[in-house]
Amino acid sequence: MRGTLNEQMDTFKRGVAEIIPEDELVYKIEKSIKTKQPLNIKLGCDPSKPDLHIGHAVVLNKLREFQDFGHKAILIIGDYTAMIGDPSGKKKTRPQLSFEETREYGKTYFEQATKILDTKNIEIRYNSEWLSKLTLADLLNIQSKFTVQRILERDDFRNRLQEEIEISMQELLYPIMQGYDSLVINSDVELGGTDQKFNNLIGRDMQRKFGKEPQVVLLMPLLEGTDGSEKMSKSLGNAIGICEPPKEIYGKAMSIPDNLIYKYFELGTRKSKKELDEIKQQLSNPTTNPRDVKKKLAFELVKLYYSEEEAKKSEEEFERVFSKKGLPDEIPEFITNSSNNKLIDILVNSKSVESKSAARRLIEQGGVTIDGEKIADVSYQLSGKKEFIIKAGKKKFLKVKII
RNA sequence: GGGUAGGUAGCGAAGUGGUUAAACGCAUCAGACUGUAAAUCUGACGGCUUAUGCCUUCGGAGGUUCGAAUCCUUCCCUACCCA
């Protein structure tokens with residue numbers, strides 16, 4: 001254990017949306033320092049989508065901070081609950097996963113999460129360990145502590161009720177099961193996004209109803225995706241995955257709207273309070289081009305998940321390809337023979353576009369260049385050389401070799 | 001069990017016998033402008049050997065019709081109300 005109460009609280013409060021209740025967290029930390037006992041910090045993980053993005057990283061970063069002060073991270077892989085589907089923020093019922101799938105995804109989750117977490121001070125638990133053993137009588141006993149009204153208070157449910165969108169019985173049970181996890185592992189603090197507030201509070205209730213000291217709920221803001229409006233999520237296509245290639249991370253970070261730069265710094269990186277203040281100041285200075293601050297952000301993110309070297313490379317390529325309209329250093333090759341040298345076919349056969357109609361559209365709209373020259377002729381054929389560089393749309397490059 | 005309203009392209013939502021590959025909005029893609037921003041403007045947005053041509057699409061299957069997303073039969077699914 002290390003760190004004073006103030007050091008810990010300062011760190012833990014950074015970037016946080018809500019601590020319920022804060023004075024209990026103070027109490028728990030004081031107790032922990034006095035008894036030299038680390039706190040149990042719970043984080044529930046939904047293994048249904050094993051591609052972690054920097055939205056997930058927000059909470060993982062916070063968990064890492066707790067670890068850095070010596071507290072114990074307990075990752076609950078919700079393999080059992082994933083078979084039900086978490087209704088959080090969803091208007092529709094999620095697809096259910098098989099037991100095998102959730103196990104496999106859980107493993108992937110852990111592998112990716114350790115890009116952020118300290119592997120030493122961590123405990124991984126699958127909630128099937130206890131949930132699968134519950135008898136109907138156990139479940140009835142747990143359920144008897146809660147009322148239908150209490151569960152329906154949740155705004156997801158309320159909204160769906162109002163909008164006449166189905167809610168399945170098992171979804172209703174989801175918060176109960178998740179809350180039960182807290183009881184079993186004796187969590188002192190549960191981390192989550194603000195969308196997890198209800199679930200996490202049920203955990204608090206659960207512990208209290210069973211005579212345990214209730215957990216503190218610490219909620220992190222949700223990070224908007226690259227589109228700047230929706231919450232970051234892979235299915236919305238606005239996520240920056242932490243396992244994506246460095247150039248992708250860099251490029252995607254550059255595409256976020258300016259007003260999110262600070263938030264990304266605050267929630268997505270490990271910058272200190274002082275550094276954050278500097279960034280804030282730079283951004284408010286009218287002579288600063290926000291692009292330059294954004295470049296730092298993009299650099300920082302690549303550095304965080306890869307290395308400084310990769311970050312430099314990504315930055316160089318970004319400048320070359322997009323600022324100077326040059327070529328990336330790796331271009332996929334496509335080899336074709338001279339009897340099939342129609343541009344439109346090459347675009348389709350190399351899977352650069354989805355269909356022939358799409359290829360035609362792209363050409364007609366001026367989105368295709370060959371060796372830097374715009375081609376507007378749909379029936380264009382490559383000839384005269386053995387090698388061509390085709391650019392289709394904004395991001396797709398193709399090196400065509402004719403044999 | 002009874003009643004009512006529904007199921008249309010990635011999503012939302014028009015259309016209720018023909019000029020409908022299906023209005024409109026969102027999302028997406030491309031172009032212009034740029035900082036691969038954002039905003040804005042323009043265009044595209046089922047597929048095909050580009051054709052004022054063909055094929056596939058309006059929950060599934062069958063039927064009526066010269067012609068169906070639209071009418072009929074049947075099946076499946078959802079919500080709401082009553083019990």
Side-chain angles (χ1 to χ4, degrees), chain A residues 89-93 95 157-169 171 224-240 244-265 282-283 286-299 301-302 314-328 339-349 351-369 372-381 390-397:
Chain A
K90 293 281 163 177
K91 290 186 185 149
K92 285 187 185 166
T93 314
F157 290 145
R158 231 179 10 225
N159 292 340
R160 279 161 64 174
L161 227 38
Q162 202 157 31
E163 287 168 39
E164 305 190 349
I165 296 166
E166 61 168 324
I167 302 168
S168 67
M169 292 284 287
E171 284 181 278
E224 288 89 342
T226 52
D227 60 352
S229 52
E230 298 290 327
K231 165 188 156 188
M232 186 176 288
S233 119
K234 198 190 162 207
S235 54
L236 290 173
N238 63 1
I240 304 178
E244 288 190 75
K247 284 161 200 159
E248 282 293 311
I249 293 181
Y250 194 96
K252 284 187 177 179
M254 285 306 287
S255 75
I256 65 167
D258 290 353
N259 60 343
L260 282 179
I261 296 175
Y262 182 78
K263 195 168 181 185
Y264 267 59
F265 260 116
Q282 279 175 31
L283 284 169
T287 62
T288 310
N289 185 341
R291 178 199 53 190
D292 297 328
V293 185
K294 212 193 281 184
K295 271 172 133 174
K296 273 187 213 160
L297 169 69
F299 187 95
L301 287 172
V302 177
S314 303
E315 183 160 278
E316 279 161 19
E317 171 144 329
F318 180 84
E319 285 168 2
R320 179 154 28 97
V321 176
F322 296 108
S323 303
K324 297 179 186 147
K325 307 273 180 221
L327 297 173
S339 64
N340 191 4
N341 59 354
K342 285 189 75 175
L343 173 60
I344 202 164
D345 290 328
I346 289 168
L347 289 174
V348 176
N349 293 340
K351 305 227 161 67
S352 303
V353 291
E354 271 180 12
S355 69
K356 222 160 212 179
S357 301
R360 205 185 308 273
R361 261 177 247 139
L362 198 62
I363 296 172
E364 279 168 355
Q365 295 184 128
V368 177
T369 63
E373 232 170 286
K374 195 171 275 188
I375 302 296
D377 177 10
V378 171
S379 57
Y380 188 86
Q381 299 196 10
I390 295 181
K391 187 179 181 192
K394 287 179 186 165
K395 293 172 200 162
K396 280 181 189 142
F397 291 87

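Please read all numbers here as calculations on a predicted model, not as lab measurements. The basis for the numbers below is simple: all heavy atoms, side chains too, and nothing from hydrogens, waters or symmetry mates. Convention: sequence-line order gives letters A, B, ...; per-chain numbering from 1.
- Taking both residues in full, the closest heavy atoms of A/K252 and A/T226 are given as O-CG2, 3.7 Å, listed atom of the first, atom of the second, then distance.
- Heavy atoms of A/S379 sit nowhere under 4.0 angstrom from any nucleic acid atom.
- Ranking B/C48, B/U36, B/A38 by closeness to the A/P257 side chain, first place goes to B/A38.
- Within the 4.0 Å cut-off from OP1 or OP2 of B/C48, at least one side-chain nitrogen or oxygen of A/S357 is found.
- With a cut-off of 3.5 Å on both Watson-Crick or G-U wobble distances, the partner of B/C26 is given as B/G10.
- Rounded to whole Å, the C1' atom of B/G46 lies 30 Å from the corresponding atom of B/U40.
- B/G43 atom C1' lies 13 Å from atom CG of A/L362, rounded to whole Å.
- For the pair A/S255 and B/U36, the criterion of a side-chain N or O lying under 4.0 Å from OP1 or OP2 is not met.
- In this structure, A/E230 places its CD atom 14 Å from P of B/C26, rounding to the nearest Å.
- Inter-residue side-chain proximity for A/L343 and A/D377 is flagged as unmet; no heavy-atom pair is nearer than 4.5 Å.
- Take the nearest nucleotide of RNA chain B for A/G367 and for A/S323: the residue whose nucleotide is more 5' is A/G367.
- Comparing B/U16 with B/A69, their C1' atoms sit 9 Å apart, to the nearest whole Å.
- Residue contacts shown for A/K295 are absent, as no nucleic acid heavy atom lies under 4.0 Å away.
- Across the strands present, B/C58 finds no partner; the criterion is a Watson-Crick or G-U wobble pair with both atom distances under 3.5 angstrom.
- The shortest distance between side-chain heavy atoms of A/T288 and A/L283 does not fall below 4.5 Å.
- Toward the 5' end of RNA chain B, the nearer of the two residues A/K374 and A/D227, judged by each one's closest nucleotide, is A/D227.
- Nucleotide B/A27 holds its P atom 19 Å from the NZ atom of A/K231, rounded to whole Å.
- Taking atom P in both B/C66 and B/C11, the straight-line distance is 36 Å, to the nearest Å.
- One finds no side-chain N or O of A/K294 lying less than 4.0 angstrom from the OP1 or OP2 phosphate oxygen of B/G35.
- To the nearest angstrom, P of B/G47 lies 15 Å from CG of A/L347.
- B/A22 and B/C58 are spaced 15 Å apart, taking the P atom of each and rounding to whole Å.
- Comparing B/U78 with B/U73, their P atoms sit 22 Å apart, to the nearest whole Å.
- Side-chain contact check for A/I363 versus A/Y380: every heavy-atom pair is 4.5 Å or farther apart.
- The side chain of A/K394 places no N or O atom within less than 4.0 Å of a non-bridging phosphate oxygen (OP1 or OP2) of B/G35.
- If you take NZ of A/K356 and C1' of B/C45, they are 20 Å apart, rounded to a whole angstrom.
- The pair A/D258-A/R291 does not meet the salt-bridge criterion, since no charged nitrogen lies less than 4.0 angstrom from a carboxylate oxygen.
- With hydrogens and angles ignored, a donor-acceptor pair closer than 3.5 Å exists between the side chain of A/Q365 and the base of B/G43.
- In this structure, A/K395 places its NZ atom 7 Å from P of B/A30, rounding to the nearest Å.
- Note on A/K252: a base of the nucleic acid sits closer than 4.0 angstrom, heavy atoms only.
- Here the straight-line distance linking atom OH of A/Y264 with atom NZ of A/K294 works out to 10.0 Å at 0.5 Å rounding.
- Using atom C1' as the reference point in both B/G18 and B/A30, the two lie 35 Å apart (nearest Å).
- For the pair A/K391 NZ and B/C29 P, the computed distance is 15 Å after rounding to whole Å.
- Atom C1' of B/C75 sits at a distance of 23 Å from the matching atom of B/C80, rounded to the whole Å.
- Of all the heavy atoms in A/I261 and A/P290, the pair that sits closest is CD1-O, 3.6 Å.
- Of all non-hydrogen atoms in A/P328 and A/R320, the two that sit nearest each other are C-NH1, 3.8 Å.
- Within 3.5 Å, no donor on the side chain of A/D292 pairs with an acceptor on the base of B/G35, nor the reverse.
- B/C48 is paired with B/G53 under the Watson-Crick or G-U wobble criterion, all donor-acceptor distances under 3.5 Å.
- Atom CG of A/D345 is separated from atom C1' of B/G47 by 15 Å (rounded to the nearest Å).
- In terms of phosphate contacts, A/R361 brings a side-chain nitrogen or oxygen within less than 4.0 Å of OP1 or OP2 of B/G47.
- Using Watson-Crick or G-U wobble geometry with both donor-acceptor distances under 3.5 Å, B/C41 finds its partner in B/G31.
- Taking atom P on both nucleotides, B/G10 is separated from B/A5 by 28 Å, rounded to a whole Å.
- A 3.5 Å limit on both hydrogen-bonding distances identifies B/G63 as the Watson-Crick or G-U partner of B/C71.
- Among B/U36, B/G47, B/U50, the nucleotide with an atom closest to any side-chain atom of A/R360 is B/U50.
- Under the Watson-Crick or G-U wobble criterion, with both distances below 3.5 Å, B/A5 is paired with B/U78.
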